[in-house]
Number of protein chains: 2
Amino acid sequence: MAAKKYDETKYPPFAVTADLVVLTLREGRLCVLLIQRGGSPFEGQWALPGGFTHVDEDIEAAAYRELAEEAGVGERDVVLEQLRTYGAPNRDERMRVVSVAWLALGADLPEARAGSDAADARWVPVEEALSQDLAFDHREILTDGLERGRAKLEYSSLATAFVREPFTVGELREVYEAVWGTRIDPRNFHRKVTGAEDFLAETGARTARGGGRPAMLYVVGPATQLHPPVLRRG
Amino acid sequence: MAAKKYDETKYPPFAVTADLVVLTLREGRLCVLLIQRGGSPFEGQWALPGGFTHVDEDIEAAAYRELAEEAGVGERDVVLEQLRTYGAPNRDERMRVVSVAWLALGADLPEARAGSDAADARWVPVEEALSQDLAFDHREILTDGLERGRAKLEYSSLATAFVREPFTVGELREVYEAVWGTRIDPRNFHRKVTGAEDFLAETGARTARGGGRPAMLYVVGPATQLHPPVLRRG
DNA sequence: AGAATAGTGTCTTTCAGACATTATGTT
DNA sequence: AACATAATGTCTGAAAGACACTATTCT
């Protein structure tokens, strides 16, 4: 087969967006960042933060940029992981848009503030966010992001993204309890995470906040996988 | 904030491709479908099958279409799962291309035949495919696809995508051994998969191929998750 | 001393991993 | 009967889950 000249006009134009499921814990509850749309379509409705990728910009860089612009969150404040790409032909009425969705997890992220295109921005407990209509297919994206996050806690060190270092075993357990919405036996949990190879690294320091025995403080160990896993159900 | 008119020219054009990691077992070896590029760039080099998404086409439909055009594989023959999206600015020299990669698993797929844009097509054992230079960032995509497939065997029923129904426990074990490149104790494996709730459904029928005790034949059960999981390492 | 919170220990059941034996077909 | 392959059984150690106790601080 002969080599042929490439004709750019043959290939149809798409817009590519980065949409973000940003999760954090606020007062022991798992919350997602939602922004209220300032313009059409879906004006006034709540949506996930996100926006268009520039033509010379890496898709991951676009996610970080939107995180900064729309959530005021810097690269160092979160763990970012690609979630999935959504590309139904009519998911955006304006034009053909393919959305690369990302999951961003952070510890105690700052109070939401509305970015350029947003009328408002707030942290919403995830059950509440799922119980309302969101713009576009953002409800599906949020559902997928939550399931991914919950599943990854089992076998990875992702839970540590939700706490600031150094942290205690009890704080880490509260992460699991908040994300899964379950109770975990503190004694078995302690045995498990301190026993897992390279998962936690002792700092030697202890908490000093009064009202009880001080807790040992840990930082994240070199392991990215948690073996054996912490299982959600019996 | 006032509603503003949407200006399509503000948003830069991307091309969106569907690239496929198509895996099957051939003679007990895990193989991936590679095509030899007929045109530039990377003319003559081996690459994953794939192509451009049409502007009115769902991204998953594009994956199925490319699967049919470039691999001669129908929707019913494979399990298709989205892998990840690759969008570095210069991954394609011709223009800005974002590639949505898919993982397709099938049982005993047909002999490869070159599609429209391909000079050649063949099934290549995965280790061999990884040891050569592939076009674009396809080596990275293949690596990610293999890791995803291997990981999902542990806790899902994905392995059944590699066998035709009805199948024996031994055939299913051979899938795990080929994909993981390990040996598995047949007795422990049998106990595990037959004990897992809703994972396999007995047909009542048995093999009749001679030379030994006939094996029970199973079809896939209603469970999509495998609990407890089959673990790769001790 | 008492309250509060952190950490350790024990028992039982389940399951993984190693290995031997029995079952059911063909030639 | 010999052979070949499938299925089941047993033992041991690791880890999960339930539960009680000890340790260290502050007031």
Side-chain angles (χ1 to χ4, degrees), chain A residues 28 153-155 159 163 165-177 180 182-219 221 223 225-234, chain B residues 28 153-155 159 163 165-177 180 182-219 221 223 225-234:
Chain A
L153 288 203
E154 294 194 37
Y155 57 90
V163 290
E165 291 180 321
F167 52 85
T168 69
V169 172
E171 287 163 355
L172 192 61
R173 179 172 47 80
E174 285 164 9
V175 170
Y176 280 87
E177 292 181 334
W180 286 346
T182 58
R183 293 273 113 190
I184 299 176
D185 185 285
R187 302 162 292 203
N188 294 336
F189 183 82
H190 189 282
R191 169 171 35 124
K192 183 114 192 186
V193 296
T194 55
E197 189 89 25
D198 291 331
F199 183 54
L200 299 181
E202 266 189 62
T203 62
R206 284 198 289 273
T207 54
R209 50 175 161 253
R213 173 173 173 175
M216 303 275 293
L217 287 167
Y218 296 86
V219 293
Q225 299 295 101
L226 176 55
H227 191 85
V230 183
L231 296 177
R232 258 183 287 186
R233 44 177 192 173
Chain B
L153 288 203
E154 293 194 38
Y155 58 90
V163 289
E165 290 180 322
F167 53 86
T168 69
V169 172
E171 286 163 356
L172 192 61
R173 178 172 47 80
E174 285 164 9
V175 170
Y176 279 86
E177 293 182 332
W180 286 349
T182 59
R183 292 273 113 189
I184 298 175
D185 185 286
R187 301 161 293 202
N188 294 337
F189 182 83
H190 189 282
R191 178 182 31 163
K192 183 114 192 185
V193 296
T194 55
E197 189 90 23
D198 290 332
F199 183 55
L200 298 181
E202 267 188 62
T203 62
R206 283 198 290 271
T207 54
R209 49 174 164 254
R213 174 174 172 174
M216 303 275 292
L217 287 166
Y218 295 87
V219 292
Q225 299 295 101
L226 176 56
H227 193 83
V230 183
L231 297 177
R232 260 183 286 186
R233 44 174 193 176

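Residue numbering restarts at 1 for every chain, and letters A, B, ... go by the order of the sequence lines. Just the heavy atoms: all of them, side chains too, but no hydrogens, waters or symmetry mates, feed the values below. Treat the numbers as computed from the prediction; the structure is a model and nothing was measured.
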A.B. asks: How many angstroms lie between atom CG of D185(A) and atom CZ of R173(A), to the nearest 0.5 angstrom?
C.D. replies: 8.5 Å
A.B. asks: Given atom CD of E174(B) and atom P of dA6(D), what is their separation to the nearest angstrom?
C.D. replies: 8 Å
A.B. asks: Are F189(A) and Y176(A), when compared by the centres of their aromatic rings, separated by less than 6.0 Å?
C.D. replies: yes
A.B. asks: Which residues pass the ring pair (Phe, Tyr, Trp, His ring centres under 6.0 Å) test with F199(B), not counting sequence neighbours?
C.D. replies: none
A.B. asks: Between C1' on dA6(C) and CZ on R173(A), what's the gap in Å once rounded to a whole number?
C.D. replies: 10 Å
A.B. asks: Sugar-phosphate atoms are those with a prime plus P, OP1 and OP2; base atoms are the rest. Using that split, label each nucleotide of nucleotides 8-15 of chain D B, S or - for protein heavy atoms under 4.0 Å, 5' to 3'.
C.D. replies: BB------
A.B. asks: Starting from P on dG17(D), measure out to CG on L231(A) and report it in whole angstrom.
C.D. replies: 6 Å
A.B. asks: How many whole angstroms separate atom CZ of F167(B) from atom P of dA6(D)?
C.D. replies: 15 Å
A.B. asks: Working to the nearest 0.5 Å, report the span between CD of E154(B) and OH of Y155(A).
C.D. replies: 9.5 Å
A.B. asks: Atom CD1 of I184(A) and atom C1' of dA6(C): how far apart are they, to the nearest Å?
C.D. replies: 17 Å
A.B. asks: Which heavy atom of T203(A) sits nearest to which heavy atom of L217(A), and what is that distance?
C.D. replies: OG1-O, 2.7 Å
A.B. asks: Side chains of L172(A) and L200(A), heavy atoms from C-beta outward: is any pair under 4.5 Å?
C.D. replies: yes
A.B. asks: Rounded to whole angstrom units, what separation is found between the CG atom of L217(A) and the C1' atom of dG7(C)?
C.D. replies: 14 Å
A.B. asks: For the pair made of CZ in R206(A) and P in dT24(D), what is the distance, rounded to whole Å?
C.D. replies: 9 Å
A.B. asks: Without decimals, in angstroms, what is the distance between L172(B) CG and dA6(D) C1'?
C.D. replies: 15 Å
